[in-house]
Structure formats: structure tokens, C-alpha cells
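Notes follow once the structure below has been shown.
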Amino acid sequence: MVLVLDDHPIARQGLESIIKLHKPEEETLQAGTVGEAIDLVEHKPVDMAFVDLHLHNESGFEFLEWVQRHDKAIKTFVITSSSSESDFVKAKNLGIDAYVLKDAFIDDIMYSLKVVDRGGKFYSSDLVDNMGSFTEEEKKIEALTKRELEVALLLREGYTNAKIAEDLFVSEGTVKKHISNIFGKLDMYSRTEVLVFVERNIEKFELAFNSADTSRNL
């Protein structure tokens with residue numbers, strides 16, 4: 001079952017028509033607000049959602065964050081007029097499966113559906129080409145494993161190596177190894193540098209940690 005979240009009825013209907021071309025047998029639900037979308041997901045077997053980021057007095061990010069927070073097995077497509085790099089990075093950190101601009105050709109949307117159905121990720125090439133992908137700081141954060149992100153966040157809280165080891169049920173030696181890896185990946189040489197960097201990018205660290213899959217936990 002597919003959900004379309006957009007505050008414009010015509011946009012919802014148009015997208016539903018495109019989805020039907022690829023999945024003619026699929027039931028499609030429409031929502032104009034985040035509350036309506038959440039209510040539908042809670043009561044219907046939705047496994048795919050198309051989300052506009054900029055809704056009337058709301059943000060589609062609220063729905064994406066809710067999906068992640070409740071660990072819903074829903075493939076999420078952002079379909080938006082926003083070509084903002086910060087929007088793209090935030091959406092990507094929330095684990096979206098596709099990011100498609102609203103001025104995309106129908107064939108591009110159809111192709112994104114096929115890619116995601118095969119387990120892949122799809123991001124509009126125009127968006128990626130024009131923004132130069134990630135900033136240097138975002139690339140550094142992306143390089144950290146989930147456990148390293150967790151350790152970095154605990155360092156920000158002022159935890160000692162012993163306290164981190166106790167909380168994560170690992171040895172202090174393991175904690176020291178993680179910290180060494182963090183220093184190397186962030187190109188830093190002291191805990192203070194790491195603390196300042198994490199504080200400056202706290203939202204990105206938290207999003208990266210929350211969206212990191214278990215394969216990054218090593």
C-alpha cells in the first residue's frame with residue numbers, strides 16, 4: 001500500500017496516477033497533513049510513502065522523523081521542489097530511499113520506483129550534480145561507524161573512557177581504539193577538538209547515528 005503526503009490535491013492525484021503506471025494493482029492513500037499521514041500508517045499496511053517536504057505550516061521531515069523513530073518498515077520517497085543541499089543531507093540521514101525533484105520527468109519517477117523496489121537508492125542526478133554532494137565536515141561524519149558516532153556523542157556529554165566502557169559494555173581498550181579511529185577520521189588530535197566539532201554539528205551527528213544501519217556498527 002502506497003501513501004502520498006502532499007498538501008496540494010492536484011499534486012497528490014498526479015503522483016498517484018504515475019504510481020499506478022508502475023504498480024497498477026497497488027492501493028494508494030492520500031494525506032494532506034502530517035497528522036493524516038501518521039493516522040493512515042498506524043491503521044493501514046503502508047509499505048511505501050511519497051513525501052513532500054514543504055507542506056502548509058508543516059514539514060514533511062516531521063513525518064520522516066516519526067517513521068524513523070517508530071522503526072516503521074516503510075520505503076520513503078522525498079518528492080519536492082526543494083533543491084536545498086541541507087534538505088537533501090537531512091533527508092538522506094533520515095534513511096530515505098529516494099529524493100526526486102518535482103520537475104523530474106515521469107520516466108525518472110518510474111525509474112526511481114524500479115530502483116527502490118530492487119533494494120537500491122535513487123537521488124535525482126540534477127540535484128547531486130549541482131550541489132557537489134557533501135561538505136567536507138559531512139563526509140567526515142559519514143565516515144564514522146555507528147559505534148564511533150555513539151562514542152563521539154558520549155564524549156560530548158563529558159564521559160570518561162571508563163564511563164563510556166561501562167555504558168557500552170566494552171573494555172576501556174576498545175573505547176580507546178574507537179577514540180583513536182575518531183581522531184583519525186576527523187583529522188583531529190585531542191578530545192577538545194572532537195567536542196567542539198560534535199557540538200557544532202550535533203544535529204548531523206544525531207541524525208547520522210539514528211539512521212545508521214547495523215552494518216556500520218563494526
Side-chain angles (χ1 to χ4, degrees), residues 1-8 11-55 58-128 133-134 142 146 206-217:
M1 192 171 288
V2 181
L3 170 69
V4 177
L5 170 57
D6 196 302
D7 58 336
H8 295 290
R12 291 199 303 269
Q13 192 60 49
L15 189 53
E16 179 177 344
S17 298
I18 295 172
I19 294 168
K20 289 291 187 183
L21 292 175
H22 178 65
K23 295 173 172 286
E25 76 293 342
E26 196 80 53
E27 182 178 352
T28 304
L29 307 172
Q30 296 186 16
T33 68
V34 172
E36 289 176 2
I38 291 173
D39 186 62
L40 287 170
V41 169
E42 287 183 321
H43 295 94
K44 300 285 186 178
V46 174
D47 55 17
M48 182 177 291
F50 284 79
V51 182
D52 185 10
L53 293 183
H54 300 294
L55 307 169
E58 289 186 303
S59 169
F61 281 120
E62 295 174 32
F63 176 74
L64 295 174
E65 289 165 353
W66 183 89
V67 168
Q68 185 187 73
R69 192 164 58 248
H70 290 80
D71 198 26
K72 295 291 185 179
I74 298 175
K75 293 183 176 181
T76 48
F77 289 68
V78 167
I79 182 154
T80 179
S81 57
S82 173
S83 57
S84 161
E85 182 170 356
S86 61
D87 279 351
F88 173 63
V89 171
K90 183 174 181 179
K92 189 173 185 297
N93 284 335
L94 284 169
I96 56 136
D97 295 280
Y99 196 107
V100 183
L101 298 180
K102 279 192 171 181
D103 60 0
F105 292 111
I106 292 176
D107 286 348
D108 290 336
I109 299 174
M110 296 279 286
Y111 181 68
S112 73
L113 278 162
K114 293 176 182 178
V115 170
V116 172
D117 276 346
R118 293 196 299 265
K121 302 278 189 180
F122 179 89
Y123 309 127
S124 284
S125 58
D126 288 345
L127 177 72
V128 176
S133 194
F134 299 107
E142 185 71 15
K146 184 169 186 176
E206 290 175 342
L207 285 171
F209 175 74
N210 291 330
S211 64
D213 59 41
T214 54
S215 67
R216 290 181 63 189
N217 214 9

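Index from 1, following the sequence. Only a predicted model underlies this, so the values are computations on that prediction, with no experimental measurement involved.
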Exercise. Looking at F77 and S112, what are the two nearest heavy atoms and their distance?
Worked result: CE2-OG, 3.6 Å
For this session: State whether the side chain of S17 and the backbone N or O of Q13 hold a donor-acceptor pair below 3.5 Å, judged by distance alone.
Result: yes
Exercise. Quick one: does M48's side chain get under 4.5 Å of K23's, heavy atoms only?
Worked result: yes
Exercise. Are D52 and K102 ion-paired here, with the side-chain N under 4.0 Å from a carboxylate O?
Worked result: yes
Exercise. Does the side-chain contact (heavy atoms from CB on, under 4.5 Å) test come out yes or no for K75 and D47, once each step is laid out?
Worked result: CA-CA 6 Å; K75 293 183 176 181; D47 55 17; over 6 Å; no
For this session: Evaluate the side-chain proximity of L29 to V4: yes if any heavy-atom separation is below 4.5 Å, no if none is.
Result: no
Exercise. Any side-chain heavy atom of W66 within less than 4.5 Å of one from E42?
Worked result: yes
For this session: Report yes or no: does E27 contribute a side-chain atom to a donor-acceptor pair with the main-chain N or O of M1 at less than 3.5 Å?
Result: no
Problem set entry | Closest non-hydrogen atom pair between V100 and S124, with its separation | CA-OG, 3.2 Å
Exercise. For the side chain of D97 and the backbone of V116, is there at least one donor-acceptor N/O pair under 3.5 Å apart?
Worked result: no
Exercise. Taking it one step at a time, do I79 and V51 satisfy side-chain contact (heavy atoms from CB on, under 4.5 Å)?
Worked result: CA-CA 6 Å; I79 182 154; V51 182; over 6 Å; no
For this session: Count the heavy atoms belonging to other residues, nucleotides or ligands that lie under 6.0 Å from NZ of K121, then report whether that count exceeds 12.
Result: yes
Exercise. Are Y123 and Y99 near enough that their ring centres are under 6.0 Å apart?
Worked result: no
Exercise. So do F63 and L3 actually touch side chain to side chain, heavy atoms under 4.5 Å?
Worked result: yes
Problem set entry | CZ/F61: more than 12 non-hydrogen atoms of other groups inside 6.0 Å | yes
Problem set entry | Value rounded to 0.5 Å, distance of CG in L113 from CD in E26 | 10.0 Å
Seminar exercise, completed: Smallest heavy-atom separation, A31 atom then L40 atom, equals CB-CD1, 4.1 Å
Exercise. Does the side-chain contact (heavy atoms from CB on, under 4.5 Å) test come out yes or no for L55 and T33, once each step is laid out?
Worked result: CA-CA 7 Å; L55 307 169; T33 68; over 6 Å; no
For this session: Take D7 and R12 through the test salt bridge (Lys or Arg N to Asp or Glu O under 4.0 Å) and record every step on the way to the result.
Result: CA-CA 8 Å; D7 58 336; R12 291 199 303 269; over 6 Å; no
Problem set entry | Option among T80, D6, D87 that satisfies the side-chain hydrogen bond (donor to acceptor under 3.5 Å, both in side chains) test with H54 | D87
Exercise. For F50 and V78, what are the C-alpha separation, side-chain angles and deciding distance, and is it a side-chain contact (heavy atoms from CB on, under 4.5 Å)?
Worked result: CA-CA 6 Å; F50 284 79; V78 167; over 6 Å; no
Exercise. Backbone N or O of L207 within a donor-acceptor pair of the N93 side chain at under 3.5 Å?
Worked result: no
For this session: Report yes if some heavy atom in the side chain of I74 is under 4.5 Å from a heavy atom in the side chain of V41; otherwise report no.
Result: yes
Problem set entry | CE-CD1 distance between M110 and I19, expressed to the nearest 0.5 angstrom | 10.5 Å
Exercise. Considering residues, nucleotides and ligands other than K114, do more than 12 of their heavy atoms fall under 6.0 Å from its NZ?
Worked result: no
For this session: State whether the number of non-hydrogen atoms from other residues, nucleotides or ligands found under 6.0 Å of I106 atom CD1 is greater than 12.
Result: no
For this session: Among E206, E62, E65, find the one that has a salt bridge (Lys or Arg N to Asp or Glu O under 4.0 Å) with K90.
Result: E65
